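Proteins come first, then strands; the chains are lettered A, B, ... in the order of their sequence lines, and each starts at number 1. From a predicted model like this one, the values you see are computed outputs, not experimental measurements.
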Amino acid sequence: MKEEVNYNRIKSALEFIAANYKKQPGMNEIAEHIHLSEFHFQRIFKEWSGITPKKFLRSITFEELKKNIETTENLAELSESTGLSSPSRIYDLFVDIESVTPEEYKTKGKGIEIRYGIHETPFGKCLLANTKRGICALEFADEEPASLVQALKEKWQNATFEENQHETGAIIDTIFGNKKQPLKALLYGTNFQVKVWEALIKIPYGKFTSYSSVAEMLGRPNASRAVGTAIGKNNIALLIPCHRVIQQIGGIGGYKWGVERKLAIIGYEKSMNENKPK
DNA sequence: AATGCTTTATACT
DNA sequence: AGTATAAAGCATT
């Protein structure tokens with residue numbers, strides 16, 4: 001995986017796209033913005049995402065996003081046909097979720113052993129933390145991942161920690177490589193938050209939903225804003241597909257790890273769809 | 001009491 | 001018709 005090398009440049013391109021995607025900037029504008037020739041830009045972009053910048057851009061436009069928004073009814077139908085406890089699919093692999101017991105939540109992770117490591121991904125550096133019962137954190141860092149480790153320890157104050165690049169590295173390979181192997185995730189949050197996250201895994205790969213649809217699924221049609229904050233509290237990127245929730249009108253909405261990263265992931269998923277359809 | 005990965009209603013170009 | 005503001009709504013700190 002050498003995509004990582006270029007993520008920083010891709011990232012600045014995406015920043016530009018994020019700021020201007022509504023008006024469909026030309027390739028030359030984007031290339032200019034990251035100080036690369038149009039040609040070279042296309043090349044590294046293709047290398048990173050597997051599709052041309054133009055296609056990528058189109059896939060994240062207003063109309064395109066809107067077209068793939070699943071309404072509450074559709075999602076309900078989907079989860080019914082696949083069974084309520086159906087695992088989430090991500091990059092061709094399945095994720096099973098479980099949440100921390102109320103006791104563990106109250107005691108801030110007492111008795112839980114966490115192994116963590118820092119790794120390179122197509123979306124920049126990330127911190128991955130694992131437990132016996134599943135992955136409990138997958139967070140992206142723009143600069144020093146050390147602060148993420150600190151935040152992790154603060155959150156799970158009474159858990160034990162051990163750095164184990166080897167173990168977490170294998171998981172990274174599973175997620176980004178081609179080893180098909182089911183994954184587990186361990187959720188840690190308030191009742192409401194867990195419900196929201198559970199709802200998210202029902203969004204199929206390559207599809208989107210809106211904050212208000214999620215709110216409806218929970219039976220609180222007007223809680224869209226609360227849903228937004230709950231989603232923002234999620235700390236298991238990708239596995240809990242919070243990047244598949246966008247604004248109802250097709251806007252991109254916010255993202256905990258940067259809007260440009262959200263676009264990157266969305267586009268990346270789309271390109272995976274195109275590259276190996278079915 | 002204030003805040004946020006929203007949404008809608010209203011008021012203006 | 002598009003775009004800027006205001007206000008409504010709700011879990012969390």
Side-chain angles (χ1 to χ4, degrees), chain A residues 11 14-15 17-25 59-66 68-75 88 90 99-100 102 104-109 123-124 126-127 137-142 148 150-152 154-157 185 187-203 206-270:
Chain A
K11 188 182 153 207
L14 289 165
E15 265 164 21
I17 294 175
N20 303 295
Y21 78 101
K22 277 186 192 157
K23 48 184 182 229
Q24 292 281 297
S59 73
I60 57 172
T61 49
F62 201 81
E63 286 74 22
E64 195 61 26
L65 290 177
K66 242 177 121 168
N68 287 295
I69 288 186
E70 295 290 334
T71 65
T72 313
E73 298 79 53
N74 289 342
L75 286 175
S88 148
I90 169 132
S99 54
V100 124
E104 286 165 334
Y105 183 71
K106 222 185 322 176
T107 59
K108 295 186 191 265
F123 311 112
C126 82
L127 162 71
L138 174 47
E139 305 224 47
F140 294 110
D142 281 314
L148 288 181
Q150 197 177 337
L152 181 75
E154 210 155 296
K155 184 161 187 174
W156 302 74
Q157 266 174 42
L187 270 36
Y188 179 98
T190 65
N191 283 347
F192 183 76
Q193 286 163 358
V194 171
K195 279 218 193 81
V196 171
W197 301 335
E198 280 172 347
L200 296 190
I201 71 167
K202 293 178 185 155
I203 309 169
K207 299 282 185 181
F208 305 98
T209 194
S210 64
Y211 294 94
S212 61
S213 293
V214 175
E216 271 183 55
M217 285 198 268
L218 302 182
R220 303 233 176 22
N222 294 321
S224 54
R225 186 123 189 216
V227 165
T229 47
I231 292 177
K233 285 289 191 316
N234 168 47
N235 40 16
I236 311 179
L238 300 177
L239 305 195
I240 305 298
C242 53
H243 54 277
R244 295 186 196 145
V245 186
I246 60 182
Q247 289 170 342
Q248 200 166 238
I249 37 133
I252 202 63
Y255 193 56
K256 184 179 182 185
W257 297 288
V259 172
E260 74 279 358
R261 200 172 257 116
K262 185 174 188 174
L263 287 173
I265 298 170
I266 291 174
Y268 198 87
E269 289 197 347
K270 288 226 164 207

For this session: Count the heavy atoms of every other residue, nucleotide or ligand shown that sit under 6.0 Å from NZ of K256(A), and state whether that count exceeds 12.
Result: yes

Problem set entry | Integer-rounded Å distance: dC5(B) P and I266(A) CD1 | 16 Å

Problem set entry | Closest non-hydrogen atom pair, I249(A) against K66(A) | O-CD, 3.7 Å

Exercise. Can you check side chain to side chain contact (heavy atoms under 4.5 Å, CB included) on T190(A) and K233(A), steps first, answer last?
Worked result: CA-CA 10 Å; T190(A) 65; K233(A) 285 289 191 316; over 6 Å; no

Exercise. Among dT12(C), dG4(B), dT6(B), which is the nearest nucleotide to the side chain of T229(A)?
Worked result: dG4(B)

Seminar exercise, completed: Heavy-atom nearest pair, S59(A) first then G267(A), reads OG-CA, 4.4 Å

Problem set entry | Distance in angstrom units between N222(A) CG and dT6(B) C1', rounded | 11 Å

Seminar exercise, completed: Atom CD of Q193(A) and atom C1' of dT13(C) are separated, to the nearest Å, by 11 Å

For this session: Give, for atom CD1 of I231(A) and atom OH of Y255(A), the distance between the pair rounded to the nearest 0.5 Å.
Result: 11.0 Å

Exercise. How is G232(A) classified with respect to the nucleic acid when contacts are heavy atoms under 4.0 Å: base, sugar-phosphate, or nothing?
Worked result: base

Exercise. Rounded to the Å, how far apart are Q247(A) CD and dG4(B) P?
Worked result: 16 Å

For this session: Using whole Å, report how far CZ of R220(A) lies from C1' of dT12(C).
Result: 14 Å

For this session: Look at all strands and tell whether Y211(A) reaches a base, only sugar-phosphate, or nothing, counting heavy atoms closer than 4.0 Å.
Result: base

Problem set entry | Base dC5(B) paired with Y255(A) side chain (donor-acceptor, <3.5 Å) | no

For this session: Kindly point out which of dG4(B), dT7(B), dT12(C) is positioned nearest to the side chain of A226(A)?
Result: dG4(B)

Exercise. In Watson-Crick or G-U wobble terms, both distances under 3.5 Å, what is the partner of dC5(B)?
Worked result: none

For this session: Using atom NZ of K256(A) as one end and atom P of dT6(B) as the other, report the distance to the nearest whole Å.
Result: 15 Å

Problem set entry | Interatomic distance, I231(A) CD1 vs dT12(C) P [rounded to whole Å] | 13 Å

Exercise. Taking CD1 from I249(A) and C1' from dA1(C), how many angstroms apart are they, rounded to a whole number?
Worked result: 15 Å

Problem set entry | Between CG on residue L127(A) and CD on residue Q150(A), distance to nearest 0.5 Å | 12.0 Å

Seminar exercise, completed: Ranking R225(A) and K233(A) by the position along DNA chain C of their nearest nucleotide, the one closer to 5' is R225(A)

Seminar exercise, completed: The contact string for nucleotides 8-13 of chain B, one letter per nucleotide 5' to 3', using protein heavy atoms under 4.0 Å with B, S and - for base, sugar-phosphate only and none, comes out as S-----

For this session: Would you mind classifying the nucleic acid contact of A230(A) as base, sugar-phosphate or nothing, using non-hydrogen atoms under 4.0 angstrom?
Result: nothing

Problem set entry | Main-chain N/O of A230(A) paired with W197(A) side-chain donor or acceptor, under 3.5 Å | yes

